[in-house]
S.K.: 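First the structure, then my questions, so here it is.
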Amino acid sequence: MRQQPTFPARRVLVAVALLAVACTESVGPPPAHDARRTPKLTTTAAAASDIALDQWNGSLNESGIQPPCSSPCIVKGFNFTNPHTGDAIIATFYWVGPPGIITSVTDFVVSAPNTPLGNTYTLVEASSANGISMATYVATNVQNFPSALNDPSGAMILAVKANLAVPVVDGGILISAWTGVAPTAAQAFGAHRSASGTGSGATVADPGAIPVNAGALAYATTMSNGLVSFSTPAGFTEIATQSDMFMKTDGEYDAEFVVSGTAGTVEPQWTWDFGLLPSTWLASVLALNPAPPPSGDLTVTTTTTGPTPAQGYTVTVDQTSSQSIDANGSVTFFGLTAGDHSVALSGLPVNCTVSEANPQTVTVPSGGTATVSFTVNCVSTTANDKITGGGKLGDGRDFATFGFQASSSGGKIEWVQHCDKHASGSATCQNGNFTFHGTVAPGSYSAVPDSPNCRTWSGTGSAKFRDMRYKNGTYSFTVNAACDNGEPGRGNDYVDITIDDYNDAGFLTGGNIQLHGRPRDGRE
């Protein structure tokens, strides 16, 4: 069993003709016995932005050409209180006659009946059988009328009109306005379907089941040429039941999914008591989705002082959405739900810190842009550190051994290339065996961009070649990278060196490289 929504119900049986918008009912107070006023919809379970019934009205017994129409129409106003601008309006038209005769649906203010307000009414469902027809149109985000105006004179009341290709024997309308519906048709329109049938005795009118999204509204309506009683769909709340000499109609809504905030399916079923005389029924159901939560944008900026990391950083909002940002840059996150969000800056080198709290909490305004800034302070990674190492690169018949120490004030390096006669064809053994002793040039020692565990330096030194003694002499060298990647050094630490036209690079096959004097992973 579904829980019955807390929205109050109101049934009305209209046994006499209700005049159109331009007739006496539209400009004067309703009769004393007419209880066709909008239900007061209040519930603690639904938030202010949830879908709720705002205003409704209806009439039957319309036909031919009548004011304010110069051609056949079915028309009704929201006497005597307008809905709110931004509402969605559901307009269901009923008539005795063939299907497909509605050429357009428009709205206007009663004092200017020939000036359409420009709101778009889209046909969502239509059904017809055995000479009776109905069609439901929906307009979202209606505009250009006095919002929520109570006007007993009727002059400024919003009215909705179906323009007909031909007059009808009998026609009617039920209009209802709903707050909290998504503003565009693409967002608002959910599933919908219709059905029709004929029966005698107790006959079920069932348009079929449709899925309904969380927070969405289900609207259902039925029509029959049998002027008999019926039972209403379980779980639904009545908007209005209307009747004249040719037809009987009913409009219902189900707010279960609005109140519960869960998705599900709905299948409205009326049981008509047709008796011995076969009669025809029509039934439709549609879903309207809620407006998306109010949203805004968030712009994040970074300012970096000191050595600027070339790779920049990463900004993450709510631990779910990330963007890259330059060290001195700006990025924007669009369409965030209005409210508080967590903004974190990550990917900082170990020599950089954030001045502000990280993460920061920022409030994104509805329809606006929030800003948050991070100031990053970076210090030189080489001012007080040095790097030492020794070990082996390569293996087998072609390998190098080395030892070095380097810092901003200078240092030394020894590099020995080992080759046997079978390795002469390798790139590192083109010059055979040699030993190189170099001196670090002061000021050449620095961090490797984007690699906080690596250092580079250069200088000059002397090389002695065992196999090609004529090449002995002085050469420039550059250690492109010496990296302390943790323990053990073998397989983790890395070295890349160039001596004149000689180059060797790779992970150590023995030994260790150690970066000293700088905090790294909580160690010195």
S.K.: Can you tell if the side chain of S176 reaches within under 4.5 Å of the side chain of P83, non-hydrogen atoms only?
M.R.: no
S.K.: Scan residues 385-407 for pairs that pass ring pair (Phe, Tyr, Trp, His ring centres under 6.0 Å), counting only residues two or more places apart or in two chains.
M.R.: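 Pairs touching residues 385-407 that pass the test: F399-H418, F402-F404, F402-W415, F404-W457.
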S.K.: I'd like to know if the side chain of S194 pairs up with that of S284 as donor and acceptor (distance under 3.5 Å, no hydrogens or angles considered).
M.R.: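 Short answer, yes.
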S.K.: Measure from the side-chain N and O atoms of D297 to the backbone N and O of G335, and report whether any donor-acceptor pair falls under 3.5 Å.
M.R.: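 At least one qualifying donor-acceptor pair exists.
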S.K.: Hey, mind stepping through Y219 and T92 against side-chain hydrogen bond (donor to acceptor under 3.5 Å, both in side chains) and telling me if it holds?
M.R.: CA-CA 11 Å; Y219 167 88; T92 300; 2.7 Å; yes
S.K.: Side chains of Y475 and Y502: closer than 4.5 Å at any heavy-atom pair?
M.R.: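 Sidechains of Y502 and Y475: no contact.
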S.K.: Just checking K412: does its NZ atom have more than 12 heavy atoms from other residues, nucleotides or ligands closer to it than 6.0 angstrom?
M.R.: no
S.K.: Compare all side-chain heavy atoms of T237 with those of Y253 and state whether any distance is below 4.5 angstrom.
M.R.: yes
S.K.: Is it the case that the side chains of N141 and Q143 hold a donor-acceptor pair, with the cut-off being a distance below 3.5 Å and no angle test?
M.R.: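 The criterion, which ignores hydrogens and geometry beyond distance, is satisfied for N141 and Q143.
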S.K.: Return the OG1 to CZ distance between T435 and R466, rounded to the nearest 0.5 Å.
M.R.: 9.0 Å
S.K.: Does some side-chain heavy atom of T301 sit less than 4.5 Å from a side-chain heavy atom of I325?
M.R.: no
S.K.: Which distance, rounded to the nearest 0.5 Å, do you find between the OH of Y494 and the CG of L508?
M.R.: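 Result: 10.5 Å between the selected atoms.
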S.K.: Do side-chain atoms of T302 reach the backbone of D326 as a donor and acceptor pair under 3.5 angstrom?
M.R.: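 Yes, because the side chain of T302 sits within donor-acceptor range (under 3.5 Å) of the backbone of D326.
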S.K.: Let me confirm one number: the CZ-CG distance from F374 to N358, rounded to the nearest 0.5 Å.
M.R.: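 One gets 5.0 Å once the value is rounded to the nearest 0.5 Å.
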S.K.: Any side-chain heavy-atom pair from F257 and N213 closer than 4.5 angstrom?
M.R.: no
S.K.: Could you verify whether a donor N or O on one side chain and an acceptor N or O on the other, from D398 and S426, lie under 3.5 Å apart?
M.R.: yes
S.K.: Can you check whether F434 reaches I499 side chain to side chain, under 4.5 Å on heavy atoms?
M.R.: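 The answer is yes, as the side chains (C-beta and beyond) meet within the 4.5 Å cut-off.
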